[in-house]
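Inspection log for the structure reproduced underneath, given as structure tokens.
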Number of protein chains: 2
Amino acid sequence: MSFMNFSKTTEYAFRILSYMAMDERKLYISRDIHKDLQIPFRYLRKQLTSLSKSELIHSVQGKNGGYMISKPLENISLLDIMDAVGDNSLESSCFFGFQTCALKEKCTMHTKWALVLKSIKDVLTTTSLSELKESGPHSFISNNNLLFTKN
Amino acid sequence: MSFMNFSKTTEYAFRILSYMAMDERKLYISRDIHKDLQIPFRYLRKQLTSLSKSELIHSVQGKNGGYMISKPLENISLLDIMDAVGDNSLESSCFFGFQTCALKEKCTMHTKWALVLKSIKDVLTTTSLSELKESGPHSFISNNNLLFTKN
DNA sequence: CATAAATGACACCTCGGGGTATTATTAAGC
DNA sequence: GCTTAATAATACCCCGAGGTGTCATTTATG
């Protein structure tokens with residue numbers, strides 16, 4: 001029983017992108033990303049090729065290939081990353097989960113919850129990879145020096 | 001692809017409790033709750049018996065039985081309801097989903113996200129059923145007059 | 001041009017949240 | 001005390017997010 005947190009896929013995307021933000025000109029290979037980010041290798045691979053179809057990163061095939069960020073870091077927000085993985089869970093909707101709620105104005109929770117969602121969205125919109133590069137979790141990782149314990 | 005919203009189970013619990021808040025002295029039967037709340041009947045039954053094991057509502061068995069709220073409305077917050085269904089997804093944790101993050105202070109998102117979670121938690125803690133009784137979605141439902149369209 | 005080292009494509013598996021079916025139990029009321 | 005109308009218990013099913021396995025493709029380099 002849980003939720004009200006991000007999906008694994010979204011989490012992984014956050015990890016990957018903020019990791020690659022460490023050096024925006026570097027070609028990262030999946031093996032290394034996997035090593036540092038604790039994402040199941042095959043699933044990571046799947047997600048990387050999927051992300052490569054977005055505007056955020058691109059891939060280089062063949063030997064010495066890899067993945068690189070495609071845009072200036074300050075132009076990639078956390079919300080952009082959610083978009084890239086198709087996570088649109090911040091669309092404001094009825095707090096009680098009714099598909100068509102007839103009480104948009106009258107129900108207390110409607111306005112209360114819209115405000116909450118807006119504040120979340122604000123944080124995710126205003127936080128860009130350039131900020132995470134400075135003080136994100138991955139700014140401290142050196143390739144063979146893992147700061148996060150497994151599991 | 002979604003999430004960052006409540007689980008169905010939590011949503012249903014919100015619906016059920018705010019519905020029963022309409023009349024805190026009434027014994028509600030599952031059939032009627034089902035009619036008005038668009039929750040699959042069997043699943044609703046399951047959830048009602050499960051909720052009956054919490055402090056929030058109790059059941060009366062046998063003919064003319066049903067379910068009734070157990071505590072004063074002002075003593076039941078939305079967070080209490082989440083607790084009752086075992087939804088603890090608001091425990092603050094690492095934004096990137098790392099089980100053990102070594103960077104509690106240093107990572108930008110750590111503090112940012114803790115604040116977001118706190119503001120959500122505040123809303124859910126300060127909103128009680130008494131408030132929803134006044135202006136919640138169910139305050140407008142009369143038994144045969146459904147304000148919410150199906151599906 | 002053969003090999004190695006990288007990504008791409010695609011099919012499959014697993015597990016748990018959400019949902020269903022069936023039978024048992026409780027208690028009112030004629 | 002039989003019937004009826006309610007809840008309780010239990011076992012099962014389904015589907016999609018998350019995860020795995022295998023083979024194909026691309027490209028650098030000796």
Side-chain angles (χ1 to χ4, degrees), chain A residues 1-16 20 26-35 37-54 56-70 82 84-89 97 99 150-151, chain B residues 1-16 20 26-35 37-54 56-70 82 85-89 97 99 151:
Chain A
M1 206 56 56
S2 63
F3 304 75
M4 199 63 212
N5 40 34
F6 296 103
S7 68
K8 282 288 170 204
T9 304
T10 299
E11 261 182 25
Y12 291 167
F14 287 156
R15 292 189 198 179
I16 293 167
M20 293 176 67
K26 181 176 170 184
L27 259 191
Y28 289 92
I29 68 174
S30 56
R31 206 98 231 164
D32 288 347
I33 301 178
H34 163 69
K35 233 178 188 171
L37 295 192
Q38 309 168 226
I39 303 173
F41 183 62
R42 312 245 167 225
Y43 196 64
L44 170 68
R45 293 281 314 284
K46 192 193 267 186
Q47 237 191 290
L48 283 170
T49 66
S50 157
L51 281 170
S52 298
K53 287 165 186 159
S54 76
L56 304 186
I57 71 175
H58 62 274
S59 70
V60 175
Q61 290 194 51
K63 193 168 178 176
N64 300 335
Y67 303 91
M68 193 190 302
I69 285 190
S70 301
M82 290 181 68
V85 297
D87 182 338
N88 58 350
S89 55
Q99 289 88 341
K150 308 244 171 199
N151 257 342
Chain B
M1 204 57 55
S2 63
F3 303 76
M4 198 66 211
N5 40 34
F6 296 102
S7 68
K8 283 287 171 205
T9 304
T10 300
E11 261 182 27
Y12 291 166
F14 286 156
R15 293 190 198 179
I16 293 167
M20 293 176 67
K26 180 176 171 184
L27 259 192
Y28 289 92
I29 68 175
S30 55
R31 207 99 231 164
D32 287 346
I33 301 178
H34 163 69
K35 231 176 188 170
L37 295 191
Q38 309 167 226
I39 303 173
F41 183 64
R42 311 242 169 226
Y43 195 63
L44 169 69
R45 293 286 315 285
K46 192 194 266 186
Q47 237 191 291
L48 283 170
T49 67
S50 156
L51 282 170
S52 297
K53 286 163 186 161
S54 76
L56 304 186
I57 71 176
H58 61 275
S59 70
V60 174
Q61 292 194 49
K63 193 168 177 177
N64 300 336
Y67 303 90
M68 194 190 301
I69 286 191
S70 300
M82 289 181 68
V85 297
D87 182 338
N88 58 350
S89 55
Q99 290 88 339
N151 256 341

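Sequence lines set the chain letters: A, B, ... in the order given, protein chains first and strands last, and positions in each chain run from 1. All values derive from a computational prediction rather than experimental measurement.
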statement: On DNA chain D, more 5' by nearest nucleotide between A:Gly62 and A:Pro40 is A:Pro40
Between [atom2] of [N] and [atom1] of [X], the distance in whole Å:
X	N	atom1	atom2	value
B:Leu27	D:dA6	CG	P	11 Å
A:His34	D:dG19	NE2	C1'	13 Å
B:Ile39	C:dG18	CD1	C1'	12 Å
A:Phe6	D:dA17	CZ	P	17 Å
B:Leu44	C:dT20	CG	P	11 Å
A:Tyr67	C:dA5	OH	P	17 Å
B:Tyr28	D:dA6	OH	C1'	17 Å

The side chain of [X] is closest to which nucleotide in this list: [options]?
X	options	value
B:Tyr12	C:dG19, D:dT29, D:dT20	C:dG19
B:Arg42	D:dT7, D:dA28, C:dA21	C:dA21
A:Lys8	C:dG29, D:dG18, C:dG19	D:dG18
B:Lys63	C:dT7, C:dA28, D:dA8	C:dA28

Indicate whether OP1 or OP2 belonging to [N] is found under 4.0 Å from a side-chain N or O atom of [X].
X	N	value
A:Asn64	D:dT29	yes
A:Ser59	C:dG8	yes
A:Thr49	C:dA9	no

task: Using a 4.0 Å heavy-atom cut-off across all strands, classify A:Phe41 as base, sugar-phosphate, or nothing.
output: nothing
- prompt: Can you find an N or O donor on one side and an acceptor on the other, under 3.5 Å apart, linking the side chain of A:Lys46 with the base of C:dG8?
  reply: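 There is none.
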query: Has the side chain of B:Arg45 got a donor or acceptor atom sitting under 3.5 Å from an opposite partner on the base of D:dA8?
result: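 For B:Arg45, whose side chain was compared with the base of D:dA8, there is a donor-acceptor pair (under 3.5 Å).
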task: Could you tell me the separation between the CG atom of A:Leu27 and the CG atom of A:Asp32, rounded to the nearest 0.5 Å?
output: 11.5 Å
message: Nearest 0.5 Å, please: how far is OG1 in B:Thr49 from OH in B:Tyr67?
response: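 It comes to 6.0 Å.
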- prompt: Can you check whether A:Arg45's main-chain N or O pairs, donor with acceptor, with A:Ser30's side chain at less than 3.5 Å?
  reply: no
task: Could you check B:Leu44 against B:Leu37 for side-chain contact (heavy atoms from CB on, under 4.5 Å), going step by step and ending with a plain yes or no?
output: CA-CA 9 Å; B:Leu44 169 69; B:Leu37 295 191; 5.8 Å; no
